[in-house]
Amino acid sequence: MKNLLKAIIFLVFICLVFILLCNFWIVYYTRQYNFFSIESLPSNDVALVLGTSRNTEKGKENLFFKYRMEATAHLFKEGKIKYIILSGNNDSQYYNEPLDMKKALLNLGVPENVMTLDYAGFRTFDSVVRCRQVFNQDNFTIISQNFHNARALYIARNEGINAISFAAQDVPDGYSFRTLIREYLARPKAVLDVHFLRPSADITSNNEITKKMKNQKEK
């Protein structure tokens, strides 16, 4: 029993060390590619905007979403990007991150013809890989909050993609502690995905679930 307890404690210790090292390495590795000011940000033709829900679980406005959309519109109006890929989750007819982002950007004055919607960005890994393999982009600007950009950049750079990122305005301290914890744990998963697990992303389709259902009804 004592040996079992020692083994469990040792394994927990190893896991904690691995998590800490992965977080440090991802931030360190990507720091030179993540930009915080529009003035210093190099221009790119294409931006990849990473999706999140429009509202919180309590139905309130999600500040991660709001600030991400405002940053995207600002970069477009400043000429730092020309075209925008909106990549997010659309796993049912009731949840459509890309469409929500499109509507928000239209309200912020971004023209519809510069936006392309990626309905299969279920994970950050999927969004990055699909940007290259589905939309044929090897150079683009990732737009999300700073903490998220580091992981997306790490994936992109290790997939041979010449990506940079722009950090949207961060949320107030304590706004979403759970999101930060989830990101802290997601970084070790990104290291495993990139170097060992190599998960498969759907690179064969880009169907909006709501449109597909509507078409089926018309038939």
Side-chain angles (χ1 to χ4, degrees), residues 22-23 25-36 41-53 64-65 67-69 71-72 75-76 80-91 96-102 105 114-168 179-180 182-208:
C22 287
N23 273 270
W25 176 241
I26 285 179
V27 172
Y28 178 82
Y29 180 85
T30 60
R31 70 195 189 286
Q32 62 182 312
Y33 308 115
N34 193 16
F35 293 84
F36 294 84
L41 178 72
S43 298
N44 258 337
D45 284 344
V46 176
L48 171 65
V49 185
L50 299 175
T52 186
S53 58
F64 290 111
F65 180 93
Y67 295 153
R68 216 171 286 184
M69 298 307 102
T72 303
L75 292 187
F76 177 79
K80 291 294 183 175
I81 55 176
K82 297 178 182 177
Y83 303 98
I84 304 167
I85 297 173
L86 303 171
S87 183
N89 192 350
N90 172 218
D91 59 6
N96 194 328
E97 289 178 353
L99 184 59
D100 287 340
M101 289 191 283
K102 176 183 175 181
L105 290 175
V114 305
M115 292 185 270
T116 299
L117 278 61
D118 174 18
Y119 299 104
F122 302 115
R123 302 167 299 169
T124 301
F125 187 90
D126 294 342
S127 295
V128 171
V129 170
R130 283 173 57 81
C131 194
R132 183 185 199 183
Q133 298 195 31
V134 176
F135 302 103
N136 302 313
Q137 300 302 316
D138 285 312
N139 300 275
F140 51 83
T141 300
I142 297 168
I143 302 175
S144 186
Q145 273 71 29
N146 175 44
F147 70 90
H148 192 190
N149 283 343
R151 176 161 55 99
L153 281 170
Y154 187 82
I155 294 169
R157 287 279 165 175
N158 280 279
E159 292 296 313
I161 299 169
N162 185 30
I164 59 175
S165 68
F166 180 75
T179 298
L180 298 180
R182 186 168 63 234
E183 182 62 31
Y184 207 74
L185 296 175
R187 289 173 182 171
K189 178 65 164 56
V191 172
L192 293 174
D193 284 347
V194 166
H195 299 293
F196 301 103
L197 301 179
R198 304 300 306 165
S200 59
D202 180 9
I203 58 171
T204 61
S205 63
N206 187 36
N207 297 321
E208 183 184 11

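Nothing fancy with the numbering, it's 1 onward along the sequence.
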Between V49 and I85, is the side chain to side chain contact (heavy atoms under 4.5 Å, CB included) condition met? List the steps.
CA-CA 6 Å; V49 185; I85 297 173; over 6 Å; no
Using 4.0 Å as the upper bound for N to carboxylate O, is an ion pair formed by E183 and R151?
yes
Is D193 paired with R198 through a side-chain N to carboxylate O contact shorter than 4.0 Å?
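Salt bridge absent between R198 and D193.
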Would you say that [X] contacts [Y] through its side chain, given a criterion of any heavy-atom pair below 4.5 Å between the two side chains?
X    : Y    : answer
T141 : L48  : no
P42  : I164 : yes
N34  : N146 : yes
F147 : T179 : yes
I142 : F166 : no
Y119 : N207 : no
D202 : T204 : yes
D100 : S53  : no

Would you tell me whether [X] and [Y] have side-chain atoms, one donor and one acceptor, within less than 3.5 Å of each other?
X    : Y   : value
E208 : N96 : yes
N139 : N44 : no
S144 : R68 : yes

Might you work through the side chain to side chain contact (heavy atoms under 4.5 Å, CB included) test for K82 and V46, ending with a clear yes or no?
CA-CA 6 Å; K82 297 178 182 177; V46 176; over 6 Å; no
Between [atom1] of [X] and [atom2] of [Y], what distance do you get to the nearest 0.5 Å?
X    : Y    : atom1 : atom2 : value
I155 : I161 : CD1   : CD1   : 9.5 Å
R132 : I203 : CZ    : CD1   : 11.0 Å
D118 : L86  : CG    : CG    : 9.0 Å
L41  : S165 : CG    : OG    : 8.5 Å
C131 : N136 : SG    : CG    : 9.5 Å
L192 : R187 : CG    : CZ    : 14.5 Å

Hey, is CZ on F135 packed in by over 12 heavy atoms from elsewhere, all under 6.0 Å?
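Yes, enclosed.
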What verdict does the side chain to side chain contact (heavy atoms under 4.5 Å, CB included) test give for I143 and L75, after you've listed the backbone C-alpha separation in whole Å, the side-chain angles of each residue and the deciding distance to 0.1 Å?
CA-CA 10 Å; I143 302 175; L75 292 187; 3.6 Å; yes
If I compare all heavy atoms of [X] with all of [Y], which pair ends up nearest, and what's the gap?
X    : Y    : answer
R123 : S200 : NH2-O, 3.7 Å
M69  : L105 : O-CD2, 3.4 Å
S127 : G121 : OG-CA, 3.4 Å
A150 : I26  : O-CG2, 3.5 Å
L153 : A163 : CD2-O, 3.6 Å
I81  : T72  : CD1-O, 3.8 Å

Y29 ring centre to R157 NZ or CZ under 6.0 Å, with the angle to the axis within 45°?
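Relative to the ring axis of Y29, which defines the angle, R157 lies outside at least one limit.
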Could you go through M115 and K102, starting from their C-alpha distance and side-chain angles, then the distance that decides it, and tell me whether this counts as side chain to side chain contact (heavy atoms under 4.5 Å, CB included)?
CA-CA 7 Å; M115 292 185 270; K102 176 183 175 181; 4.0 Å; yes
State whether the side chain of [X] and the backbone N or O of [Y] hold a donor-acceptor pair below 3.5 Å, judged by distance alone.
X    : Y    : result
E97  : N89  : yes
R31  : Y28  : yes
N206 : L117 : yes

Given the side-chain rings of F125 and Y154, with only the six-membered ring counted for Trp, is the space between their centroids under 6.0 Å?
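Distance test on ring centres: not under 6.0 Å, no.
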